[in-house]
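So that the names make sense, note that chain A is the first sequence line, chain B the second, and so on, each numbered from 1.
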Number of protein chains: 2
Amino acid sequence: MSENSQFTKNSVEPYYGYSIPINEFFRCALSVDCTIIGYDKGDLKILLIKRGAEPFKGQWALPGDLMYPYENLDQAAERVLSHLTGLEDVYMDQVKVFGEVNRHPVGRVITVGYYSLVNIQDYKPKASAWAHQLDWHLVDELPELAFDHNQIVTAALTVLKERIWKDEIGFELLPEKFTLGQIQALWETILQEKFDKANFRKKLLSSQSLIPLNENQQNVSHRPAKLYALCNKDK
Amino acid sequence: MSENSQFTKNSVEPYYGYSIPINEFFRCALSVDCTIIGYDKGDLKILLIKRGAEPFKGQWALPGDLMYPYENLDQAAERVLSHLTGLEDVYMDQVKVFGEVNRHPVGRVITVGYYSLVNIQDYKPKASAWAHQLDWHLVDELPELAFDHNQIVTAALTVLKERIWKDEIGFELLPEKFTLGQIQALWETILQEKFDKANFRKKLLSSQSLIPLNENQQNVSHRPAKLYALCNKDK
DNA sequence: TCAAAAGTGTTATAGGTACACCCATGT
DNA sequence: ACATGGGTGTACCTATAACACTTTTGA
């Protein structure tokens with residue numbers, strides 16, 4: 001039971017027999033919070049902002065915003081991401097809704113968690129009034145975040161793990177041209193698991209989702225690897 | 001862009017630079033809509049109510065309700081289900097959020113889709129003021145539903161299919177004691193796919209999630225099948 | 001010449017598919 | 001006797017796991 005509500009469970013009847021004025025229901029705000037995941041030299045990172053205003057002023061948080069009256073949730077999430085990174089057409093998806101009564105001190109704010117995968121090389125930081133400071137943080141060294149944002153990150157990473165094999169995502173975290181070794185290292189980082197090199201590449205190549213390029217790695221102190229590109233997804 | 005909003009995209013700035021009063025954000029309501037799935041003699045069914053009030057008066061809809069100020073989303077969903085069926089401790093899970101701007105004619109209502117699985121035999125209908133009429137409808141013969149409820153049902157069924165193997169759910173739709181043939185028929189109905197009898201039972205029995213009982217089917221005009229019960233889930 | 005990572009082949013095994021067959025019961 | 005669904009065994013095939021080996025580069 002929330003302290004910021006004068007209504008108790010016993011005072012209400014369900015549906016069309018509302019014991020409180022209908023207007024009392026229209027007092028929620030919706031927000032989106034984005035877990036923006038990047039990959040850099042073998043490490044998974046999350047883009048965080050330092051909050052410039054109360055509540056949780058000075059604390060790190062996921063970039064997010066209230067949903068405006070004219071937009072739907074997906075649009076709000078895309079707006080947050082594009083304002084922050086300047087990137088458009090980035091992979092994004094819903095994770096889960098977080099609706100605990102007291103999760104936001106200012107009022108009843110229900111948030112929808114999103115996650116997106118960006119290639120850190122493409123990312124151009126755009127500091128702005130609402131994001132005084134923003135930085136990539138190592139995924140296993142996250143500070144304590146504002147609100148329930150640590151929970152949102154955890155849920156986002158779980159969803160990513162579940163979807164990586166099935167939907168063949170994750171390539172968004174790599175440059176356009178990549179080697180099989182890079183994919184393997186990335187998936188091993190995400191799934192926290194080691195794979196046999198030979199078996200991994202057999203499986204990946206048989207999936208028909210990679211295009212082999214006529215190009216090799218350069219300036220590496222070992223046999224240069226063949227570069228691949230992602231097939232335009234048909235499914 | 002919604003017609004019931006006086007705000008346009010160009011008039012706003014993101015986050016902490018709000019160009020509209022903060023109160024304008026706290027005008028949403030949250031609702032839950034439950035896709036209650038049952039299984040009866042080889043058919044999947046969904047429990048629908050006939051709406052007794054505008055909007056969409058007289059039209060079939062998913063049972064749902066606005067979320068009260070004192071409760072969180074899961075609690076709201078449990079309340080809807082328990083008021084409707086009298087059942088407690090039923091399998092339930094979030095499906096997805098539906099937040100299109102104009103999805104609800106009365107105002108900005110964002111709904112969270114839930115789905116739950118109930119054994120029709122245990123179900124005791126509880127007609128009430130808000131549900132004048134309620135009935136099970138065959139899943140492939142659903143009428144046109146109020147709001148975006150057809151979309152919610154589709155999403156719920158997709159989630160069910162995705163989770164059935166991984167999480168070994170679906171048993172909730174069967175009586176406490178069941179035969180392997182019954183499970184196979186159920187899964188074939190849900191997944192719209194036929195399985196080889198021998199292979200299906202090998203796979204299921206090797207999963208260690210069923211307890212064989214010392215009991216058989218009775219009064220069937222063929223060899224009576226052994227009854228099984230679901231193992232208390234440990235994972 | 002060495003380290004380091006790319007890249008390939010071979011074998012064993014587990015799991016899945018297809019299908020044939022027998023069993024117990026009510027009518 | 002037969003229809004109906006329960007229940008089992010076997011042979012085959014494919015996916016994958018384990019591991020050994022060769023190749024190409026920079027230092």
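Taking B:Glu162 as the reference, nothing meets the salt bridge (charged side-chain N to carboxylate O under 4.0 Å, His left out) condition, with sequence neighbours excluded. B:Lys194 is linked by a salt bridge (charged side-chain N to carboxylate O under 4.0 Å, His left out) to B:Glu188, counting only residues two or more places apart in sequence or in another chain. For A:Asp43, there are no salt bridge (charged side-chain N to carboxylate O under 4.0 Å, His left out) partners, not counting sequence neighbours. For A:Ala76, the side chain to side chain contact (heavy atoms under 4.5 Å, CB included) partners two or more places apart in sequence, or in a different chain, are A:Val32, A:Met67, A:Glu71, A:Arg79. Residues forming a salt bridge (charged side-chain N to carboxylate O under 4.0 Å, His left out) with A:Lys96 (at least two apart in sequence, or on another chain): none.
In this structure, CG of B:Leu204 is placed 15 Å from C1' of C:dG16, rounded to the nearest angstrom. Look at CD on A:Gln218: it is 19 Å from P on C:dA5, rounded to the nearest Å.
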Tabulate below the donor-acceptor pairs under 3.5 Å that side-chain atoms of residues 137-148 of chain B make, not counting sequence neighbours, or state none.
{"unit_1": "B:Asp148", "atom_1": "OD1", "unit_2": "B:Arg103", "atom_2": "NE", "d": "3.4"}
{"unit_1": "B:Asp148", "atom_1": "OD1", "unit_2": "B:Arg103", "atom_2": "NH2", "d": "2.8"}
{"unit_1": "B:Asp148", "atom_1": "OD2", "unit_2": "B:Arg103", "atom_2": "NE", "d": "2.7"}

Legend entry - Under 4.0 Å protein heavy-atom contacts per nucleotide of nucleotides 18-27 of chain C, with B for base, S for backbone only and - for none: BB---BBBS-
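The outermost nucleotides of DNA chain D lying under 4.0 Å from heavy atoms of chain A, listed 5' to 3', are D:dT16 to D:dG26.
Considering B:Trp165, B:Tyr39, B:Phe178, B:Phe195 as possible partners of B:Trp187, the one that fulfils the ring-ring contact (aromatic ring centres under 6.0 Å, His included) test is B:Trp165.
Here side chain to side chain donor-acceptor pair (under 3.5 Å) pairs that include residues 211-227 of chain B, with residues two or more places apart or in two chains, are B:Lys177-B:Glu215.
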